[in-house]
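Worksheet: the structure to be examined is printed underneath.
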Amino acid sequence: MSVTYLEAIREAQTHLLREDERVFIYGQDIAGKFGGAFKATKGLAEQFPGRVLNTPISEDAMVGTAIGAAMEGMRPIVEMQFADFSSIALNQILNNAGTQYWRTKVPCPITVRLPSGGTKGSGPFHSQSMEGLYSHYPGLVVLTPATVEDAYTMLIDAVAIDDPVIYCEHKYLYYHLKADALPTEKLPIGKARVVRPGRDLSIVTNSVMVHEALAVAQQFSADGFEIEVVDLRSVKPLDTDTVLASVARTGRLLCVGEAFPWGGVTAEVIARVATEGFHLLDAAPARLNAKDTPIPYHPNLWSEHRPNAKTIAAKARQILAE
Amino acid sequence: MSVTYLEAIREAQTHLLREDERVFIYGQDIAGKFGGAFKATKGLAEQFPGRVLNTPISEDAMVGTAIGAAMEGMRPIVEMQFADFSSIALNQILNNAGTQYWRTKVPCPITVRLPSGGTKGSGPFHSQSMEGLYSHYPGLVVLTPATVEDAYTMLIDAVAIDDPVIYCEHKYLYYHLKADALPTEKLPIGKARVVRPGRDLSIVTNSVMVHEALAVAQQFSADGFEIEVVDLRSVKPLDTDTVLASVARTGRLLCVGEAFPWGGVTAEVIARVATEGFHLLDAAPARLNAKDTPIPYHPNLWSEHRPNAKTIAAKARQILAE
Amino acid sequence: MLQTAERGATRKSKAPPHERYLEAFRWMLLTRVLEEKLASLYRGGLITGGVYIGRGQEAVSAACGMFLQKGDVFAPLIRDQAGRSAFGEPLVDVARTYLGSRLGPMRGRDGNIHRGSVKTGQLAMISHLGAMIPVVVGKLLAKRMKGEKGFVGLTTIGEGGMQTGATHEGMNIAAVEHVPLVIVATNNHYAYSTPNDRQFACSDLVDRAKGYGYEGSSVDGTDLTQCLEVIGAAVRRARAGRPPQLVVASTLRLAGHGEHDDASYVTDDIRREAFAQDALQRTEQLIVEQELLNREGLQHMRAQIAAEVDEAVATAQQEDAPVGSEEDWCAISTRELVDHVN
Amino acid sequence: MLQTAERGATRKSKAPPHERYLEAFRWMLLTRVLEEKLASLYRGGLITGGVYIGRGQEAVSAACGMFLQKGDVFAPLIRDQAGRSAFGEPLVDVARTYLGSRLGPMRGRDGNIHRGSVKTGQLAMISHLGAMIPVVVGKLLAKRMKGEKGFVGLTTIGEGGMQTGATHEGMNIAAVEHVPLVIVATNNHYAYSTPNDRQFACSDLVDRAKGYGYEGSSVDGTDLTQCLEVIGAAVRRARAGRPPQLVVASTLRLAGHGEHDDASYVTDDIRREAFAQDALQRTEQLIVEQELLNREGLQHMRAQIAAEVDEAVATAQQEDAPVGSEEDWCAISTRELVDHVN
Ligand SMILES: Cc1ncc(C[n+]2csc(CCOP(=O)(O)OP(=O)(O)O)c2C)c(N)n1
Ligand SMILES: Cc1ncc(C[n+]2csc(CCOP(=O)(O)OP(=O)(O)O)c2C)c(N)n1
Ligand SMILES: [Mg+2]
Ligand SMILES: [Mg+2]
């Protein structure tokens, strides 16, 4: 048996619906036999009648409704059809969910699932990585699982958290990533993971780019360079300690992300290392993000727009040469 | 005669309406005798009939309409009543205005004025600084004038730019800041300004915090420390050269901003200096932002939530001691 | 007045006053006295932030609060003091919030009109108009999922707020979920300084009801008897499982948008309209005419209310403000997940 | 069919076919042939991204494009090939976009259904449903400001897209600005997999018209004569300065949401409804019955269209794709303001 990243998300939701009667799922096209644009809820509506509900095309109201239900004791999971459409719900997420507990002491345990990131041919409005945008505002937990195991355990943990969680699942990983079985162990939310140890350079990254970084590390290993790869897992909170410990070992830092280049996760990580771990650095840190344009539709353009093993390798070589 | 920051904004708009028939202003409560929640358009509707138009409470449609008008050759200025309400228009700003030229070659010269930042008693929904959020996405120019002179010239320049501009005007400065007269010279958009030269520490900041930084610089000068203060003016594009030149002179960097601490302008500036000017730094760079909670209503809480001369001075002292 | 309401009709109510007429009047009077006190404190510089009052809307608002029961959901907006009080908000909560006491329900974190509390079943609004509608829908949906019965939710909105996308999405999703929701929309003819003709272009906002599958009714917001009847009936219908209800009340805002605003943009013509009557005055007049209360009774009520208001204010004024250095700067409840950003 | 339309009426049109009936049919047929070609290219793996077709909606869409003139604004959505073609979109633009030619109007930056161009007066949609409505309003407002006369704007939306806040705000602001806008909403009974009962709860979406101050009309989207009459009349009314127009067409989506979707959720019951008829078939049948064209005429038209489509596809297929390394990665037009972020 094997389980994909997407199946892990479905299994996590099955588990949640089974184990916790407060859980329900709310989103467009998620119910019926259809089971969602990506089939992340396939079969769940039949298995759990009345708990997987189709909504109108109303992202703002979907999240607003989830907030109300959460304040009333439920544990709603909202599925956005694509992360990019959460721009419509941004006000509810930032200003209502994100401020609720702080203002009123009423916890707001919603989980918003954002099918994120680029895939071939998806273009400017079906490819965005929005974790940086949500992390900037207070009151939210923002997760970016990069593995099948994390997709599973982090979604279960997300729903258990008493605060609003933005769960960014990467669409490219849905089918491309497989594990042998669902995990029996987990790392807690808020901890980064050293995916591959090294001594020459730390690549700190998240989500789909973890795999590009691993490919580069593998390749460099043949040349005698040992690259350490850190998967942030959670970008808010961000596990500064694990990142600093890695930089302490390697003295060199490259941050890689699929999002737009101004600000976002890579800027935040570099800012933390520069301010809190300046003396650990033997060379200038570097970052690699997507280009500062909308995400192009055409595969030829798209593959140049985002970082990839080739561009990461080039950057890594530069840093190692310093 | 003297002119306030707010009057400069009004004068700039008067000038624009007079000199360019493509300009019109669109927003809530900006027309009639009333002239806007902050009076930034006071008198303009009478002076320029049909060109200062009240809108329904529909931020998304206000910006959408402006986009259409801009694509048709006009130069709309949209006034948000408070920056915080632009969350409703975020989709139009990021996904429509921000992508328009890149996708279609049709320029989209809208200017969105965001009355930004904290003032006493304004609370979580009337105090936000959103420049970091808008700068993260491609396709926008994001400005944060800190002086009366810049408020005037940068607004005039903003409207002349063929691309969408987010013009963040600080509400605290509206009445608190006065100049003797409207400026006759200007620095171009995209250039930062060294507001006060120094040799011991660069404080890089923007908007209202420029003035807090200046107060600190003044105070430190008495103790023999010369702090250089850099006013970014434009946060996208960000004038890395001027910042690096300043750090080259001082070897020390403190970034100060009024926005939330995760990401945003200060993280971006530190990331740039760390990656492009690592060897210029004699000590770890540092940053100071607001706290990672919603912006509190009560003045006692608010004054602790944002950076101020006292907390900036404490940080500066730390860095100088390193 | 379901569907067939005579629009703008301002004839005197012929029907005998609603049985709870006097109670409603008391909430209205309480509101007037309290808000005048708040306005004067504001003018005296004793209140930080804005003061928004419901002058002219007390009848609508009182009716909104009076038909709700424990377990119902109430999401008031900025002109709903009467409804808040009627639904059980203690006066001291109001005073504490406006006067910045650390003991207020918002603990200084949010102010004035943004207050709410679990204890009183009143949601704390965010400013973005329309955003609370789906939140109420979610609470009602959850109550149904949990097996509760007989509850309703009521929220208010202005004619300006009805033009936000949030209101549209929230109204529609309520109908799709068939939750027992009542939306009381007051067209007070101004949204801040903006008159109706720059806000919407339909002839009557109650015409929106049909397009959402709501039952719609109109009401003269200056006539307490009508307000009690129409809003009472809408709440009953929602409670009985009818579709969501839209009640559109007509009034004039008899104050500035906030106390900082002199409302000089309000035209003389509009001040002469029937909907510009003062609901409180009309009610008091009817009470006197129909001898529901005599002069002494009225005077006694007034004195009692003034004393209650003064006491609440005095209490709040003696209390300490929040202290920045003692504040718990933590936006989430899961403390181990706090991000340690420097 | 203004306001008083008999809903869902599917009686045979008694009126003689509209004078432009045959022209419309040609756009419909062209659409069908083109879209079948695109679908087959998609199945063959030759198209990247999604293919969304307008099968069943060709009559509505053709009518949308046919009454527009040069200088009008058209903002089509994903099922508007017929309207795009009728309003002058060259077939090669379509083929180039779908097949990823660098010469396509979007230059590979955006794909497929997101195309548009200044040349053809067709706006390039963003995906977020409803977002194009205020953009059209803005274009119309600007035209008026510039002194242009006699123009209209037309945009389309689905019954699902009508539930977004953007649609609401856009529809309302159009009425407030009194711009000459026509919104043609097609209720094709599914929004992706979601049926009407989870999308809205009013009995007919045309009931929304009144609440915005629009004139509303209903039309059987499977009946070309009606489509031409009703949409033609709406465009004329808008052009004559009447309020914005909402036309609600009834159809069934006779394809998957996109070509990746087998639409197995569409019920058999709904497939038997009158609105589930194939507009193209109905039109062809009437053409044959009324002998507007004989068999050879039809065959000739078909052959001509097939040749045009094949030619466009062949042209695009020979053209180069965009090249990443040559791309100008610059999101703004003011080059000196490009941010040099590393
Ligand atoms: C989305 C949004 N935009 C702008 C505002 C600023 N604002 C606060 S109250 C108000 C006017 C509200 O008018 P209306 O809804 O008619 O209510 P009224 O004040 O008349 O009771 C405005 C524009 C807001 N709160 N929310
Ligand atoms: C705001 C928004 N949310 C979600 C989507 C994803 N989406 C694309 S088309 C579609 C269904 C549209 O249904 P409808 O409006 O009825 O048009 P139809 O496809 O039936 O023509 C959805 C949900 C979107 N494009 N925009
Ligand atoms: Mg109003
Ligand atoms: Mg549909």
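Keep in mind that the numbers below use all heavy atoms, side chains included, and drop hydrogens, waters and symmetry copies. A note on names: the letters A, B, ... follow the listed sequences, proteins ahead of strands, and every chain is numbered from 1.
- Interface remark: C:Q199 contributes backbone and side-chain atoms alike to the contact with chain B (heavy atom separation under 4.5 Å).
- For residues 48-59 of chain B, heavy-atom neighbours of chain C at less than 4.5 Å comprise B:L53, B:N54, B:T55, B:P56, B:I57, B:S58, sorted by residue number.
- Per-residue counts of heavy-atom pairs under 4.5 Å with chain B were compared for C:A321, C:A331, C:G324; the largest is that of C:G324.
- Between B:Y297 and C:P322 the shortest side-chain heavy-atom distance does not fall below 4.5 Å.
- Nearest approach of C:M125 to B:F125, heavy atoms of both residues: O-CE1, 4.4 Å.
- The residue among C:I332, C:N112, C:I47 with the most heavy atom pairs within less than 4.5 Å of chain B is C:N112.
- Within the 4.5 angstrom heavy-atom criterion, atoms from both the backbone and the side chain of B:P261 approach chain C.
- Interface summary for chain C: among B:A37, B:S122, B:G123, B:P294, the most heavy-atom pairs under 4.5 angstrom belong to B:A37.
- Looking at B:D60, there are no atoms closer than 4.5 Å to chain C (heavy atoms on both sides), in backbone or side chain.
- For C:Y265, the part lying near chain B is the side chain, with the backbone staying farther off; criterion is any non-hydrogen pair under 4.5 Å.
- Taking the side chain as every heavy atom from C-beta outward, C:S264 and B:K33 never approach each other to under 4.5 Å.
- Heavy atoms closer than 4.5 Å to chain C are found nowhere in B:A61, neither backbone nor side chain.
- One finds the NE2 atom of B:H126 at 6.0 Å from the NE2 atom of C:H114 (value rounded to the nearest 0.5 Å).
- Options C:M162, C:Q163, C:R198, C:R107 differ in how many heavy-atom pairs under 4.5 Å they form with chain B, and the most are formed by C:R198.
- Interface residues of residues 300-307 of chain B toward chain C, defined by a heavy-atom distance below 4.5 Å and sorted by number: B:N300, B:L301, B:E304, B:H305.
- To the nearest 0.5 angstrom, C:C330 atom SG is 12.5 Å from B:K291 atom NZ.
- Shortest non-hydrogen contact noted between B:D84 and C:H128 is O-NE2, 3.0 Å.
- With a 4.5 Å cut-off on non-hydrogen atoms, B:I295 touches chain C through its backbone but not through its side chain.
- Within 6.0 Å of atom OH in B:Y172, 12 or fewer heavy atoms from other residues, nucleotides or ligands are found, so the atom counts as exposed in its surroundings.
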- Message: Using the rule given for side-chain contact (heavy atoms from CB on, under 4.5 Å), can you reason through B:F260 versus C:V341, listing the C-alpha separation, both sets of side-chain angles and the distance that settles it, and then say yes or no?
- Response: CA-CA 10 Å; B:F260 299 124; C:V341 53; over 6 Å; no
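- Contacts between C:S101 and chain B at a heavy-atom distance below 4.5 Å are absent for every atom of the residue.
- B:F85 has its side chain out of reach of C:L129: every pair of non-hydrogen atoms, C-beta onward, lies at least 4.5 Å apart.
- Using a 4.5 Å cut-off between heavy atoms, B:S87 touches chain C through its side chain atoms alone.
- In terms of heavy-atom pairs under 4.5 Å with chain C, the best-connected choice from B:A31, B:P296, B:A267 is B:P296.
- Residue C:T48 comes nearest to B:P299 through the heavy atom pair CG2-CG, 3.7 Å, listed as atom of the first residue, atom of the second, then distance.
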